[in-house]
Amino acid sequence: MSVVQTIRGPIESGELGWTLSHEHLTAGAAGMERLPWVFDEAEAASLNIEALGRVRQAGIQSMIDLTPLDLGRNMGLFRRVAEADTGVHVVCATGVYRWVPAYLMGREPDDVADHLLRELRDGIEGTGIRPGIIKLAWDLEYRLHDGPAGFTPRANLERTARGAARAAKVAGVPISCHTLAADELGTPLLDIFEDEGLDLRAVTIGHSNDSQDPEYLLRLVRRGANVGLDRFGVLRGEEEMARRAQLALGLIRAGFAEQVCLSHDGSPYMRFGAPRPPNLDCWLPVPTWEVPWLLEHGASQDDVDAVMVRSIRRTFEAAAAMAAPAK
Ligand SMILES: [Zn+2]
């Protein structure tokens, strides 16, 4: 057991239950709440409260919100959702989204770690709400490594990942990564984390079900990390949903159920790109489609328990163990 911070305060890891590993109450960009034609806090809150009620009915007990400041994290929204007491534990994140914010460019890993530890220890923006996890995002920008030494996008990402690893070890929280699966960016991330002495069981390499290569996923889980099969939804169509469910089943059959996390990367109030109509059912496809599909195709109830409960729980417990004072 370990302590997990949620937007309503600390819980025990054993209370997490069925958990969606990568979602967003909202997502867009830092400062969007200052643009009333983009973001309406009351509307965002009422849609989220409704959507959380629906997902609770479908058996989900916890959700990891992977929206750091630069992806539009909104503390007013968290506070309203916390007050509504939806019955779903929401864990929120510190960290950085794609590219590195200007104030972290060229900074040393220890400076990045200090930056993250401020939120992890003191809470976010004076609310008393503490993040339970660190989010990192590595995408197309990792390809850019031309430019002034130490200031290339790749160099900034690498130093930030080192800083995140150091903060994770001090605070005892897991790291969850958005990765460009086509470029297999989980591999260089795990190399850095390993070099920093991080227990890779505290790491989730997300968006891995965008990969078309099951061997890549096996390489990640064999190193001890979790893989986030966290982009799942009806908009992709039944054929693609079945392909993604098959990827999960393959890892389960290979004996890695406890290292597979399922989720949607969805939000009922998405402000990423053109506004989308509210989708109050955005968090239902995993519990109502993918889990039944897995059971129909040979997964056991224990396998489902492993992917829905134990996989994400072990990342919190492995992280907490790193920070525990040596006896
Ligand atoms: Zn996401």
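No experiment lies behind these values; they were computed from the predicted model shown.
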Check Ser208 against Leu217 and note the closest heavy-atom contact, atom names and distance.
O-CD1, 3.6 Å
Please report whether the ring centroid of His22 lies less than 6.0 Å from that of His207.
yes
Are side-chain N/O atoms of Arg276 and Asn279 paired as donor and acceptor at under 3.5 Å?
no
Taking the side chain as everything from C-beta on, heavy atoms only, tell me whether Val4 gets closer than 4.5 Å to Ser13.
yes
Glu12 side-chain N/O to Val3 backbone N/O, donor-acceptor pair under 3.5 Å
no
Side-chain touch Arg162/Arg166, heavy atoms, less than 4.5 angstrom
yes
Minimum side-chain heavy-atom gap Val96-Pro68 below 4.5 Å:
no
When you measure from the side chain of Asn74 to the backbone of Glu33, do you find a donor-acceptor pair of N or O atoms at a distance under 3.5 Å?
no
Validate the cation-pi geometry between Arg244 and Phe232: distance from NZ or CZ to the six-membered ring centre under 6.0 Å, angle to the ring axis within 45°.
no
Does Ala27 offer a backbone N or O that forms a donor-acceptor pair with the side chain of Arg271 under 3.5 Å?
no
Would you check if the distance from the ring center of Phe272 to the ring center of His24 is below 6.0 Å?
no
Minimum-distance pair of heavy atoms, taken over all atoms of Ser311 and Val307:
OG-O, 3.0 Å
Are Arg314 and Asn226 close enough, and set up right, to give a side-chain hydrogen bond (donor to acceptor under 3.5 Å, both in side chains), and what steps lead you there?
CA-CA 9 Å; Arg314 78 191 259 286; Asn226 265 20; 2.5 Å; yes
Does the side chain of Phe256 reach to within under 4.5 Å of the side chain of Arg222, using non-hydrogen atoms?
yes
Okay, side chain of Asp199, backbone of Arg201: is any donor-acceptor separation there less than 3.5 Å?
yes
Tyr97 side chain to Gly28 main-chain N or O, any donor-acceptor pair under 3.5 Å?
no
Selection residues 81-94 - residue pairs positive for side-chain hydrogen bond (donor to acceptor under 3.5 Å, both in side chains), sequence neighbours left out:
Arg8-Asp85, Thr94-Glu119
Evaluate the side-chain proximity of Leu116 to Ile134: yes if any heavy-atom separation is below 4.5 Å, no if none is.
yes
Between His115 and Tyr103, how do the two ring planes meet: parallel, tilted or perpendicular, split at 30° and 60°?
tilted
